[in-house]
J.: 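The structure is given below, and queries will be raised subsequently.
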There are 2 protein chains.
Amino acid sequence: MTTHETSRAEWRATPQRAAVLRALHVRDGFASAQTLHAALVADGVPVGLSTVYRTLRFLEAAGHVDVVRDREGERLYRFRSADGHRHYLLCRECGLSLAVDAGDVERWAVRIARDTGFHAVDHTVELTGVCARCRPGRPGRPGRRPEEA
Amino acid sequence: MTTHETSRAEWRATPQRAAVLRALHVRDGFASAQTLHAALVADGVPVGLSTVYRTLRFLEAAGHVDVVRDREGERLYRFRSADGHRHYLLCRECGLSLAVDAGDVERWAVRIARDTGFHAVDHTVELTGVCARCRPGRPGRPGRRPEEA
DNA sequence: GTAGATGCAAAAGGTTTGCAACCAC
DNA sequence: GTGGTTGCAAACCTTTTGCATCTAC
């Protein structure tokens with residue numbers, strides 16, 4: 001996966017792209033383009049929002065990140081682990097994300113595809129919840145989202 | 001629970017709302033607000049886009065429709081069937097939607113929740129593909145027409 | 001030197017909202 | 001009459017794109 005990929009346009013190393021990659025690594029949960037951009041700017045890295053979007057799109061096309069959508073439809077990005085673990089359990093409070101084994105779901109999807117005669121069946125599986133640490137006490141004490149930076 | 005629901009503002013019957021409901025019924029696959037609005041206008045029903053959106057939001061809040069997002073992030077609405085069948089296999093070409101049995105996935109989600117200690121785990125499961133009728137080229141397999149569930 | 005990258009601002013989509021006019025009850 | 005409803009337009013948000021400038025190779 002670290003192959004040079006000369007198939008598409010050359011990837012030119014720039015400080016901005018390095019910064020986006022770093023920002024993605026640091027918070028290894030999901031993050032939106034806007035959040036990453038804000039974090040970079042806050043860190044004193046002068047990078048344009050367009051560049052963040054372009055870099056993320058490139059990473060997405062290259063298969064280096066997984067993308068999910070939050071409730072509002074915003075895209076969230078996360079580095080893809082080694083092979084194909086692409087399903088996550090995401091904490092709605094703090095953004096913590098756990099890769100989960102979705103073998104059962106993969107097999108289920110294949111079975112559905114076969115049973116229905118559909119082709120090129122793709123699946124989206126996202127789990128969200130509240131992690132043990134964010135376990136809501138009572139309504140009066142909201143946990144405030146610690147992911148906010 | 002899903003009875004009269006007088007809990008929120010009264011639902012006042014209007015021609016526009018009736019039209020949106022009708023439009024949703026007619027195409028009982030998923031449809032976007034924009035698509036519904038266009039269809040209504042084309043049918044000579046003068047209804048504003050805002051009203052379509054507002055009606056759909058109301059239906060969503062009342063739990064009468066299921067909502068998924070297509071690849072571009074557009075919201076697609078569909079009447080929710082009686083019980084709780086909320087997972088669909090959607091044809092990317094024609095929009096045909098099949099309700100699929102997701103019992104396995106439901107159980108898988110519950111198991112994941114238990115194993116991870118997460119609370120209030122919610123799941124999103126969407127299957128998309130190309131139905132037999134829309135299958136491009138590839139002659140030889142007279143795909144059976146899946147029945148709308 | 002040059003192909004490619006950056007950043008600004010403006011555009012593009014989809015969705016929501018402010019507000020005056022409207023209509024069902 | 002009153003209060004919910006409508007519709008237009010403008011506001012909002014996220015994401016994309018045009019273009020002149022800049023830079024990594």
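The analysis underlying the following values was restricted to heavy atoms, covering all of them including side chains, and did not include hydrogens, waters or symmetry mates. Per chain, numbering begins at 1; letters A, B, ... match sequence-line order.
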J.: Does B:Tyr53 have a side-chain nitrogen or oxygen under 4.0 Å from the phosphate oxygens OP1 or OP2 of C:dT15?
T.: yes

J.: Under 6.0 Å between the ring centres of B:Phe30 and B:Tyr77?
T.: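 No, the ring of B:Phe30 stays outside the 6.0 Å limit from the ring of B:Tyr77, centre to centre.
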
J.: Take the protein atom CG of B:Leu49 and the nucleotide atom P of D:dA9, then report the distance between them rounded to whole Å.
T.: 12 Å

J.: Check this for me, if you would: do B:Asp101 and A:Arg111 make a salt bridge, where the nitrogen-to-carboxylate-oxygen distance has to be below 4.0 angstrom?
T.: no

J.: Strictly below 4.0 Å: does B:Arg17 bring a side-chain N or O up to OP1 or OP2 of D:dT5?
T.: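 For D:dT5, OP1/OP2 do have a side-chain N/O of B:Arg17 under 4.0 Å.
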
J.: Assign A:Gln34 to base, sugar-phosphate, or nothing according to its heavy-atom contacts below 4.0 angstrom with the strands shown.
T.: base

J.: So, OP1 or OP2 of D:dG7: does either fall under 4.0 Å of a side-chain N or O from B:Gln16?
T.: yes

J.: Quick one: does A:Arg54 reach the base of C:dA5 with a side-chain donor-acceptor pair under 3.5 Å?
T.: no

J.: C:dC23 base to B:Thr14 side chain: any donor-acceptor pair below 3.5 Å?
T.: no

J.: Between P on D:dT14 and CZ on A:Arg71, what's the gap in Å once rounded to a whole number?
T.: 17 Å

J.: Taking 4.0 Å as the cut-off, does a side-chain nitrogen or oxygen of B:Ser50 come that near to OP1 or OP2 on D:dT6?
T.: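 Checking D:dT6 against B:Ser50, no side-chain N or O comes under 4.0 Å of OP1 or OP2.
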
J.: Check B:Asp43 with B:Arg22, please: is the shortest side-chain N to carboxylate O separation under 4.0 Å?
T.: no

J.: Report yes if a side-chain nitrogen or oxygen of A:Arg75 is closer than 4.0 Å to either non-bridging phosphate oxygen (OP1 or OP2) of D:dC13; otherwise report no.
T.: no

J.: Any salt bridge between A:Arg78 and A:Asp66, counting N to O under 4.0 Å?
T.: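 A salt bridge is absent here (no side-chain N lies under 4.0 Å from a carboxylate O).
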
